[in-house]
Amino acid sequence: MSSTSRGSALQKATPDQRRATPERPPSCVLTLDGGIPGTTEFSQLLIIERIVNDLRFRREDDDELSGEFEGDGETDRQLRPCDIFDYIAGSGTGGFFAILFEHFQYSVSEAKAFYYKLYKQVFAAPSFICAVNPNNNASPRLFRTYRSRESTAPPCTVLDALLLSFADGSHLEPYPLGEPIELFSGSSHRFSNPTSRAMQEIQAVEGDSHPLSCIISIGVGAPGPLLEGDPRAILRDCEREAEELRRRCSGTEGFLFRVNVQEGLQSPSCNLSEVATHTNQYLETAEARGLLNLLGENLHRRAGVLTIGQTESDV
């Protein structure tokens with residue numbers, strides 16, 4: 001199921017899966033920024049791939065210690081982002097990835113292959129997610145394929161959500177929805193980092209008392225120096241949102257993880273090979289290795305850190 005807010009997609013579990021029980025550990029949340037048209041969003045897939053592989057090795061190590069590991073490769077084939085994260089929210093192409101991972105249950109390798117095919121066929125004319133009404137973009141509009149009493153957006157299918165993710169009003173025409181028809185286009189800078197909006201939606205779905213284990217927010221690269229009117233300002237606004245979240249979470253270690261390539265992705269003209277090189281170099285830095293190690297430990301133990309209500313009041 002999906003929810004799209006200004007080009008954001010929120011994938012959620014079924015009602016039976018959402019209940020916090022001893023059998024179901026506290027929720028882990030993944031959020032994916034939107035960015036400028038280009039290829040830098042490919043770095044998000046490489047970062048997620050590293051996170052998934054790290055968790056797979058941790059689980060295999062536990063199985064070996066307990067004598068249950070069979071070494072038949074099943075873990076490698078079966079572990080997917082939808083097995084790890086209870087909620088995946090995205091803005092722009094991050095919303096597109098959220099739909100691939102949750103609704104279609106893609107593995108990271110499948111998502112990479114699909115993205116590469118799309119890049120070869122579509123991204124020659126760069127495009128990125130868009131789901132906002134250009135006539136009134138003051139507040140988020142959520143597009144859901146699950147029922148919600150709070151919905152004010154026109155009904156949409158998963159196909160609609162996918163198409164919305166690639167309509168920006170310049171490279172692709174605004175996408176029509178509803179009766180009477182409304183057009184949706186243009187990802188607002190304020191919502192390109194969907195983390196805060198995703199938490200509000202999860203609170204509405206789960207309630208204040210539902211426990212969270214961690215929030216993982218993945219960017220599409222640091223912006224670097226900017227000139228007036230530079231389209232990369234969308235990345236700067238993503239970082240401002242991330243910094244505000246860091247400030248709110250400053251008293252809670254091991255809860256909010258912001259993962260974002262710091263060097264080399266400033267240009268939307270990067271090709272996939274360059275994106276991969278810069279992302280892998282970032283992942284090998286001491287800062288990133290330490291961050292991903294702590295992140296992996298958190299995902300592995302799935303301990304409750306905060307409730308949804310606490311994220312709104314104390315965090």
Side-chain angles (χ1 to χ4, degrees), residues 3-10 29-48 51 85 87-98 126-132 137-142 164-166 168 185-201 214-250 255-270 275 278-279 282-283 287-288 291 295 311 315:
S3 159
T4 309
S5 165
R6 289 193 182 265
S8 302
L10 176 67
V29 180
L30 173 66
T31 67
L32 304 169
D33 287 6
I36 52 178
T39 59
T40 55
E41 58 276 351
F42 185 62
S43 67
Q44 293 177 315
L45 295 179
L46 300 178
I47 291 170
I48 296 169
I51 292 171
F85 299 103
Y87 287 88
I88 302 178
S91 179
T93 42
F96 175 73
F97 293 151
S127 60
F128 64 103
I129 233 175
C130 145
V132 344
N137 60 6
S139 61
R141 297 285 296 275
L142 270 69
L164 282 167
S165 71
F166 289 103
D168 67 1
S185 65
S187 178
S188 170
H189 292 181
R190 291 187 300 135
F191 299 98
S192 293
N193 182 332
T195 309
S196 291
R197 191 63 190 86
M199 297 312 298
Q200 294 174 17
E201 174 73 355
C214 64
I215 301 172
I216 300 171
S217 170
I218 302 181
V220 293
L226 299 173
L227 299 176
E228 185 69 26
D230 194 320
R232 292 177 299 164
I234 194 171
L235 305 183
R236 180 181 59 193
D237 293 327
C238 288
E239 287 306 297
R240 285 177 176 169
E241 171 72 7
E243 188 57 38
E244 173 62 17
L245 289 165
R246 289 190 194 99
R247 185 191 65 78
R248 292 166 57 192
C249 296
S250 59
F255 176 69
L256 174 67
F257 299 91
R258 175 68 173 173
V259 191
N260 197 21
V261 178
Q262 295 301 301
E263 300 290 341
L265 301 188
Q266 283 75 26
S267 172
S269 63
C270 288
V275 172
H278 294 306
T279 303
Y282 163 74
L283 292 173
E287 178 182 1
L291 177 67
L295 184 159
T311 65
V315 177

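Every heavy atom of this structure was used, including side-chain atoms; hydrogens, water molecules and symmetry mates were not. Nothing here was measured: the structure is a model prediction, and the numbers come from that model.
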What pairs with E243 under side chain to side chain donor-acceptor pair (under 3.5 Å), at least two apart in sequence or on another chain? R246
Donor-acceptor pair between N260 and E239 side chains, under 3.5 angstrom: yes
How far apart are the closest heavy atoms of L265 and V220, and which atoms are they? CD1-O, 3.9 Å
Shortest non-hydrogen contact from V275 to S43? CG1-N, 3.6 Å
Would you please test S196 and E241 for side chain to side chain contact (heavy atoms under 4.5 Å, CB included) and show each step? CA-CA 8 Å; S196 291; E241 171 72 7; 2.4 Å; yes
Are any non-hydrogen side-chain atoms of F85 and V29 less than 4.5 angstrom apart? no
Taking the side chain as every heavy atom from C-beta outward, state whether S217 and D33 have any pair of such atoms under 4.5 Å apart. yes
Evaluate the side-chain proximity of R258 to L245: yes if any heavy-atom separation is below 4.5 Å, no if none is. no
Intermediate values then yes/no, side chain to side chain contact (heavy atoms under 4.5 Å, CB included), I218 and F257: CA-CA 8 Å; I218 302 181; F257 299 91; over 6 Å; no
Could you please spell out the steps behind the side chain to side chain contact (heavy atoms under 4.5 Å, CB included) verdict for L283 and V261? CA-CA 8 Å; L283 292 173; V261 178; over 6 Å; no
Side chains of C214 and L256 in contact at under 4.5 Å (non-hydrogen atoms): no
According to side chain to side chain donor-acceptor pair (under 3.5 Å), who are the partners of Q262, at least two apart in sequence or on a separate chain? none
Which distance, rounded to the nearest 0.5 Å, do you find between the CZ of F96 and the CG of L32? 12.5 Å
Exercise: identify the closest heavy-atom pair between A89 and P194: O-CG, 4.0 Å
For T195, all residues meeting side chain to side chain donor-acceptor pair (under 3.5 Å), sequence neighbours excluded: T31, N193
Closest non-hydrogen atoms of A98 and G90, given as atom of the first, atom of the second and distance, are CB-N, 4.4 Å
Those residues that, when tested against F42, pass ring-ring contact (aromatic ring centres under 6.0 Å, His included) (two or more places apart): Y115
So I216 and I48, do their side chains get closer than 4.5 Å, heavy atoms only? no
According to salt bridge (charged side-chain N to carboxylate O under 4.0 Å, His left out), who are the partners of E263, at least two apart in sequence or on a separate chain? none
State, yes or no, whether a side-chain contact exists between E41 and F97 at a heavy-atom distance under 4.5 Å. yes
